[in-house]
Amino acid sequence: MLLIHCPWCGDRAETEFTYGGEADIVRPPAPETLTDREWGDYVFMRHNTRGVHREQWLHAHGCRRWFIAERDTVSYAFKGVHKIGERQEGAE
């Protein structure tokens, strides 16, 4: 069984978590000005990175808090996790 580290609760079984998609997606500042194509790109288009990728995760069956994880999409290995809004180690 895969263990995922929650920044608040520690290591827990993967069955307690829900994947929330790619992290760092910025909402357009004026969505009412977007064309249908631009809005569709914002809502549906993602990078689908091969390798290390930043994702949002929810500890759904635990503390119910969201956090950011860096995960290798090839090996599925988690490289690190941190609370949303917390400065990540090594970040500029």
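As a basis for the values below, the full set of heavy atoms in this structure was taken, side chains included, without hydrogen atoms, waters or symmetry mates.
- The shortest heavy-atom contact between Thr49 and Thr73 is O-OG1, 2.9 Å.
- Nearest heavy-atom pair, Lys83 versus Pro7, reported as atom, atom and distance to 0.1 Å: CG-CB, 3.7 Å.
- Among all heavy-atom pairs drawn from Pro28 and Leu34, the shortest one is CG-CD1, 3.6 Å.
- In the hydrophobic clustering of ILVMFWY residues, with side-chain heavy atoms under 4.5 Å counting as a link, Val81 and Leu3 come out apart.
- Residue Asp72 holds its CG atom at 8.5 Å from CZ of Arg50, rounded to the nearest 0.5 Å.
- Separating the CG atom in Leu58 from the CZ atom in Arg64 is a distance of 6.0 Å, to the nearest 0.5 Å.
- Note that CZ of Arg46 and CG of Asp41 are 10.0 Å apart. Values are rounded to the nearest 0.5 Å.
- By the 30° and 60° cut-offs, the orientation of the rings of His59 relative to Phe17 is parallel.
- When the side chains of ILVMFWY residues are joined at heavy-atom separations under 4.5 Å, either directly or via intervening members, Ile84 and Trp8 end up in two distinct hydrophobic clusters.
- Nearest heavy atoms, Thr18 versus Ala60: OG1-CB, 3.4 Å.
- The minimum heavy-atom distance linking Tyr42 with Val26 is given by the pair CE1-O, 3.5 Å.
- Side-chain contact between Trp57 and Tyr19 is present, with at least one heavy-atom pair separated by less than 4.5 Å.
- Contact detail for Gln56 and Ile68: the closest heavy-atom pair is CG-CD1, 4.0 Å.
- Note: Cys6 SG to Glu16 CD = 9.0 Å, rounded to the nearest 0.5 Å.
- Other residues, nucleotides and ligands place no more than 12 heavy atoms under 6.0 Å from the CG atom of Asp36.
- Side chains of His53 and Glu22: a donor-acceptor N/O pair is absent below 3.5 angstrom, by distance only.
- Atom CZ of Arg37 has 12 or fewer heavy atoms from other residues, nucleotides or ligands within 6.0 Å.
- Residue Trp39 is not grouped with residue Met45 when hydrophobic side chains (ILVMFWY) are merged at heavy-atom distances under 4.5 angstrom, including chains of intermediate members.
- By the 30° and 60° cut-offs, the orientation of the rings of Phe78 relative to Tyr76 is perpendicular.
- Not counting sequence neighbours, the partners of Asp24 by the salt bridge (charged side-chain N to carboxylate O under 4.0 Å, His left out) test are Arg54.
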